[in-house]
Each structure stands twice: as structure tokens, then as C-alpha cells.
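Here is the naming used below: chain letters follow the sequence lines, and residue numbers restart at 1 for every chain. It should be emphasised that the depicted structure is a prediction, and the values quoted were computed from it without experimental measurement.
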Amino acid sequence: MNKVIPDLKQAIADIQDGATIMMGGFGPCGIPENLIQALCDQGTRQLTVISNNAGTEDLGIGLLLRNHQVKKMIVSDVGQNRTFEELVRHGKLQIEFCPQGTLAERIRAGGAGLGGFYTPTGFGTIAAENKEARAWNGRHYVLELPLRAHFAFIKARKGDPFGNLMYRATARNFNPVMATAADVTIAEVEELVETGSLNPDEIHTPGIYVRRVVPGAHNAKPPRAEPEVRK
Amino acid sequence: MNKVIPDLKQAIADIQDGATIMMGGFGPCGIPENLIQALCDQGTRQLTVISNNAGTEDLGIGLLLRNHQVKKMIVSDVGQNRTFEELVRHGKLQIEFCPQGTLAERIRAGGAGLGGFYTPTGFGTIAAENKEARAWNGRHYVLELPLRAHFAFIKARKGDPFGNLMYRATARNFNPVMATAADVTIAEVEELVETGSLNPDEIHTPGIYVRRVVPGAHNAKPPRAEPEVRK
Amino acid sequence: MSKHQRELIARRAAWEIQNGFYVNLGPGIPALAARFVPEGVEAVLVSESGVQGFGPLHHEHKGDRDLVDAANEPVALTPGASLFSSVDAYAMIRGGHLDLCIVGGFQVDERGNLANWMLPGRMVHGIGGVMDLACGAKRVVVAMEHRTPAKKPKILRNCTLPLTGLGVVHRVITELAVIDVTPQGLVLREVAAEVSVDEVCRETEAGLRVDKDLKIIQV
Amino acid sequence: MSKHQRELIARRAAWEIQNGFYVNLGPGIPALAARFVPEGVEAVLVSESGVQGFGPLHHEHKGDRDLVDAANEPVALTPGASLFSSVDAYAMIRGGHLDLCIVGGFQVDERGNLANWMLPGRMVHGIGGVMDLACGAKRVVVAMEHRTPAKKPKILRNCTLPLTGLGVVHRVITELAVIDVTPQGLVLREVAAEVSVDEVCRETEAGLRVDKDLKIIQV
């Protein structure tokens, strides 16, 4: 089993205009920056992007926004991003906001074959508008539906040719769940390791979820051995 | 933070007759055998046990059954267990069977604060009898409700005083999810390690879920360094 | 059912396993199929016990109490293996990530309904993972004897036993035939060598259309 | 709002953190509270970014790009830390495993409704984790200024801004008062030194009952 595609361009060549793509990342952590850059270069348009946030002006999804490649975002929190604001103001970007936990859970439901689920989050708020509600034991819940995508862009610390992935620190974030919920999951890895060199007990994303593994050409951060631990 | 209780007896002393307890385990793997033995010794009765299986005649939940301590089981597959059969035949044990994936997901929903979820599993079978059904995109789903318990008995390979746990191989099974879904989660660990000695990226159950950590006095299996890997 | 016939079914079932597939094999005949995976086919076995990438133990190894398959049998990891919890195992199974699941069967009917978990008059020991597997895998193949031990047909117009899944079966493989479930009903794709189409039809309660490219089962 | 007053609120909020608590602190004043946790209290900070057991960086450490809190600020792990995914973070948050969550607020009303994510006339940048936190933690404390920058009350009969959560607030801590949400309405538990009950009532739109054991805020 060898899922490695050495060339970023080739790894995303079959993504067409109008595709829905999930992209991992939380703040500056765990952004599949090399895949996003390749998609910028490819110029694919009319994309629906499902993501926790929208990157910054010069990192991650911000680049796609600036390039006018995105039609719609399903997102939790875009933060301060001027490109985003301008696109929304001019009606050039559709937005669906999700509470962050609901976004994660909807993606999980999509990957786990569930039809929908009831969450207490957002009941009584505009996040629950036009959604079914229901109560059990005096507690109110909102019905939320699964999310899936054609592709998922995943960033991992290490990966092997079987597609087994390990993440580091809070760069894990939405990556493992998004890996489960796309027709084609493409993982860029900071380090490609040999099959058998990862401890099976410590793998975060089993290879079954990953179709393609690409070594990331460039990483915005210098890989480090260990985060600081205060004594 | 020190959640260690060195004494098994003390760790379960507050479990009263009529309690609902989740117990990890899959086949012979990952059974909280020391906690179960302590519960046998304590003689607590009228228990509802939520578990994947019912152990064997001499291991795990089988001991509690033989002792007539269990009133009801919510279970997926009891396998061949003569005590179990006799109790059921004589109306001394109530049984609620769940498909295995539905059992896992119901426990997850209980731990994750969800109200219920729609699963395709069992639609059109007696597992879906008297349950609401619903279709999306031509696919049928059954509404399943969360499970919670007063206590969870967890078996882990390693644990630290914060309650962080790591499991080994298929001894992981239902243990991590059950750890999330009880009022009081008690983990027996094969090895108690110092705080800070587990790699935070490799912890399977974060300490927040665990109230008490008990070193397991006896383990049915000799701990081994690594499972065989065929080359 | 002779050991030889069970092996024949398993050999044919093994041809369903394609290169790169993630596969779950049920107990009994399906599990046997693991031995007959065609040369050059690299597939990954996935078990609901929480492992992908495993195989039989070397006979000199006595097994590891912490590592079993879904039948609680000790197994060995293969390179590239990964381990996960039951919640994650079933998210994987239900979420359509398995390319193929081969299961045993008591009954299959014309609409692909499957009964394989509960026999009348026998104490029920549970449901286990088979309902999740039946409704979750991309492709469900039933590998089973063509008739019951009492020589009654198992491929029926309508299942009479409690169902495992509704319309879940794609293909049935027996010692006599390979039969596909299609929107137009059951289609006979292959017959065993030295078995006539008439004999297959006689032993099958459900109606069978015969594929115009009908083949002989190669094992 | 002076820096001094914000610090006063944070200092009082820090007293809500008890020994053994797992705590989430929102951005702004709540995050400040981390600095004032009473001596001898060992609590674990949990962030929706996927970490439990962290704290501020040593100033000589420039941070690790892979490790941030929910405000995207680099942090340091503390001994006993563990890391997890966003799905797991929110399962934890929504599932009632946090003992305490301290959040900021735009408005709180008599029934414990909270508005803290959307201001009129400002572009919405998203919802983030605050709706999950507000409805999931065992105890939700709002730490905020008593009045808006325009000196309007923020503790109201009914919230007028879009809500974050319905009936989720247990306690409000401001520079003037500590107020609890009870089934009988708001109860004034503590007032700031040199502040009169009358003044608190004047600056609060909602009705306030005064605890018969009314205390002076100790910070």
C-alpha cells in the first residue's frame, strides 16, 4: 500500500470548479498550507470551503479568498480578516456560521454515517433558527445535520505510506475529524516516515481515511521537538 | 492533582445497591477485572451493567452474574456464558441488546452532551422496534438515545495521578468512551506512572474524565512490551 | 457441509478482495477467505475489535492477550497497522469507509435483505457488530452454504428470520453459485463447475434471472 | 473601563476557581483571572483549541507555533497536560465535564440569558466556541463591566442582543457586584467596597433581591 504522491500539483489535479473542500486548522496551527497554496496555483473556483476559520490575509484560506476562488464558506469563526469582510460586504461570499462544537460534530456525523443529531448548543439563539428543536428531561436540543465534502485537506506532523497520521499539540484540531468525512482525503505531512515506524497505539488517524499522502514542501513554522513544559 | 486511591476496596466503597455501572472490555481484552472483583467482594446488588459483553464464567462480569448482583444488562453480545443463559431463562436478569456500534455511539452521546442521534444501523430490524425512524436522501435512520451511568469501570495500560490514561492494542475498546459517560469514572491501571511521564500527544483519555485512579493488583495477562508485528 | 465445500466458498469469496481494499471478514467461512487472497492483492483487514492491519499469528507465537479480532482470537499486527477504540471502529464501519465486508448468512432474499444473527428456538446471545457492518460497508457480500443443514433453501423470496439489515446485500456466494442483488431482483452470475443452472434454481426459492454472460466459478 | 477595574473583576472571578477544577477561561477579563488563582488552588485550564493543562509562556520562551489557546496565543504545557482534537474538545465541553467556565458578556438578564457574541452594526466574524461553552459547562460565570462604554446597564430584564445561550448563566461578576441567577430572579450577593446597594440597583436594569448575608467583595 503506497498512497504517497510526491507532487503537490498532482495530488490536487482532480479538484474541479464547484468542489466542496474541508480544510483543517485552528488559528495558526495545523493548516494544510501547501495544499492550499497548490489550489491557489491551480486556480480552481466556485469552491465551498468547510473550515473552522478563514486563515489570515497571507496564510491558509485567506489566500483562496483573496484569489476569489471561494463561493461559500461553512465556518465557525473567521477572526479579523479584511479580505473576508470585503467579500461579504460586496455579496461575493456566502457564509454559513456554525458554533464551533456543532461544526466539529456535524463533520463527525458525516464521517461516522449518522443521519443527524441533537445538540443543546445554540438552542434559543439564531444559530438554531429554522432548525427542529426537541426536549428530553427538560433539556432542549437542536437537530443538526451531517456535513461531508468531496475533498479534505489535512495537515499532519507525521504520516506513513499507508496514510496513518499523527498530529502534534493543538495542530491536531479539526484535522482528524475532517479526514473521515470526505470522498477523497489528502494529507500533507511535515515528515513522511517509513511504514511500520509509527507505534500503532499512537496513530491518531488510521490509514483507511486517507487516500493520498503528500510531503509538505514548506512549513510556516519550524518543526520543533517538544512544546515547552513548565515545571 | 492526585486522583490515586491505592486501595481497590476504598475506590468503590460508595457504590450502592441499584447503581448503574459501565464496564469496559471486548472479549478477553481490557476488562477492569480488579474493580469487578472488588465489587464482587463488596456484594453490591441490583446493579444495571452497561457493557459490550458479559465476560466469561470466571472473568469479568461473569463473576457478578454468578453472584446474582446484576439486575439488568445493556449489552451487545454476551457470547457463550452459561450463567447468563440460566439467569435469563429463569427471569432473573433483564437484558437490553444493542447493536455494538449503536451501544458505543449511545455511550458517546451520553458523554458528549448530545440528546440523541440518528443511525442507519438496525433500521428495519427488531433492534429498531418502537424507535422513531426518519429518512434523509433516501436513506433510513433510527433515533437512538444517550446512555449514562453512575460509575464507569475502566481498564488502562498506564495512568498518571491526573487521571490521564493510555490503553494498549484492542484492550482500548469501550474503555475510552465509557470514561466520558459516568458521574464517577474509576480507572484501574496496569502501571501507575509519574505525572508528566506520558507524552501529552499520546494520551487516549484526558484526565478530566477520570475521578479515581487505582493500581490494578492483579492482571489476567502478563503485560508485554509490544504485540507481534509480522514482517 | 463438508470442509471442502466451505473452503470452496471461501476461495471464491477471496476473489472479491481487490488491491488496496479495507476489508472486514465475519466469523466462519468469511474469515477463511483471508487465507486465499489472490497473490499480488494487498488488502488491509479491519476488525471491530479496534484494529486495522492484522493477520493470523505465526504458529510459534502464542498470542497477546491485549490483541484480538472480533471473534476474540489472538492475531498479529501487520506493518502499517493502527489501533483505535470501539467508537472509532464503528464510526469507520458505519461511515462507509470499508470497501468490502464479507459476512455469513442464514437467509438472503430478493431485495437484498439479510438474516444472520438470530435463529428460532436458540437463545439469543446478542447482536454484536453485524448490523453495523451490514448497513455500513460500501459492499456487502454474503458467503454461505446454499442450503440449510436440513437442505432447505436459504435464498428466499422473503426472509422469514429476524433481519440483520434491509436491502444491504450486494452479492451472495455459495458452493453452487454467485448471485447478485440488483434492482430487478437476483441475477445468477456464476455457477459452480459441474452444477447446472437448473440445479441452482431448484435449490433457490427466490426467482433468478440468468446473466447472459454466465460464468463458471473459478477458484 | 480602567485597567485597574478590569483587574479587580478578574481578581474576584479567580476566587470562583476551586481546587481540582477543570476550567475554561474566555478571552479578555476571564483570561486575566488565570493570573490571580488563589494560592494553594490547583486547577487545570482547558482550551477548546484541544489542550488541558496549560499556562502562560515563560517570558524567555518565544512559543511553539503548534500550541495555542483558543485566542490563538502561544501557551506552555503544564505537567499532566493532554492534547486532543476539536471533536473531543467539544464533546468534553458540551458533555458537562468542565467544572467552570468564565466568559465575558455584553448582556445578561434575569433568567440567566447571555448575549456575548454579536453587536449590532458590527460585522459578525463568527460564533466560535462560546455557545458550546455557555450551554455545556457545569457552572457559567460571566465576568464583565457593569455598564457599557456608553454607561448603559448590561444586566437587564431581557437581553436585547442576539443570545449566546438561554438560561445558562449562574453568576455575574462586575466591578460593582456579584449577582447570582436564581429561579426567583437575580440576587445581589456581594457589593464592591465603597459602593452602595442603591448604586448597584441604579446601574442594573433588572430587579435585584439583596442577599440577607450581603458581603463586601474581597479581592
Given a strict heavy-atom distance threshold of 4.5 Å, which part of [X] is in contact with chain B: side chain, backbone, both, or neither?
X	value
C:V124	both
C:D69	backbone
C:S47	neither

Got a sec: does the [atom1] of [X] have more than 12 other heavy atoms crowding it under 6.0 Å?
X	atom1	value
C:R171	CZ	yes
B:R82	CZ	no
B:K92	NZ	no
C:R35	CZ	no
B:K131	NZ	yes

Subject >> Closest contact, heavy atoms only, C:H125 versus B:G79 >> reply: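 Looking at all heavy atoms of both residues, the closest pair is CD2-O, 2.7 Å.
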Measuring only between side-chain heavy atoms, which start at C-beta, is [X] closer than 4.5 Å to [Y]?
X	Y	answer
B:D77	C:I127	no
C:M123	B:R89	yes
C:N72	B:P28	yes
B:E105	C:Y90	no
B:N173	C:S49	no

Subject >> B:H150: partners by ring pair (Phe, Tyr, Trp, His ring centres under 6.0 Å), with sequence neighbours left out >> reply: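 Here no residue qualifies.
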**OP:** Look up atom NE2 in B:H140 and atom SG in C:C135, then write down how far apart they are to the nearest 0.5 Å.
**Re:**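 Going from the NE2 atom of B:H140 to the SG atom of C:C135 covers 12.5 Å.
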**OP:** Under 4.5 Å, counting heavy-atom pairs only, tell me which of B:G27, B:G101, B:A104 racks up the most with chain C.
**Re:**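 Max contact count across the listed options: B:G101.
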Original post:
Ignoring hydrogens and geometry, is there a side-chain-to-backbone donor-acceptor pair from B:T170 to C:D66 under 3.5 Å?
Top reply: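 Here the side-chain-to-backbone pair exists.
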Original post:
For the side chain of B:R172 and the backbone of C:L83, is there at least one donor-acceptor N/O pair under 3.5 Å apart?
Top reply: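 Pair found, side chain donor or acceptor close to backbone of C:L83.
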**OP:** Flag the one option from C:A71, C:P162, C:G50, C:G128 with the top tally of heavy-atom pairs under 4.5 Å to chain B.
**Re:**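 Of C:A71, C:P162, C:G50, C:G128, C:G128 has the most heavy-atom pairs under 4.5 Å with chain B.
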Subject >> Members of residues 120-129 of chain B whose heavy atoms come closer than 4.5 Å to chain C >> reply: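 Residues of residues 120-129 of chain B touching chain C at under 4.5 Å: B:P120, B:T121, B:G122, B:F123, B:G124, B:T125, B:I126, B:A127.
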Subject >> Derivation of the side chain to side chain contact (heavy atoms under 4.5 Å, CB included) call for C:D64 and B:R168 >> reply: CA-CA 11 Å; C:D64 177 333; B:R168 182 162 169 279; 2.6 Å; yes
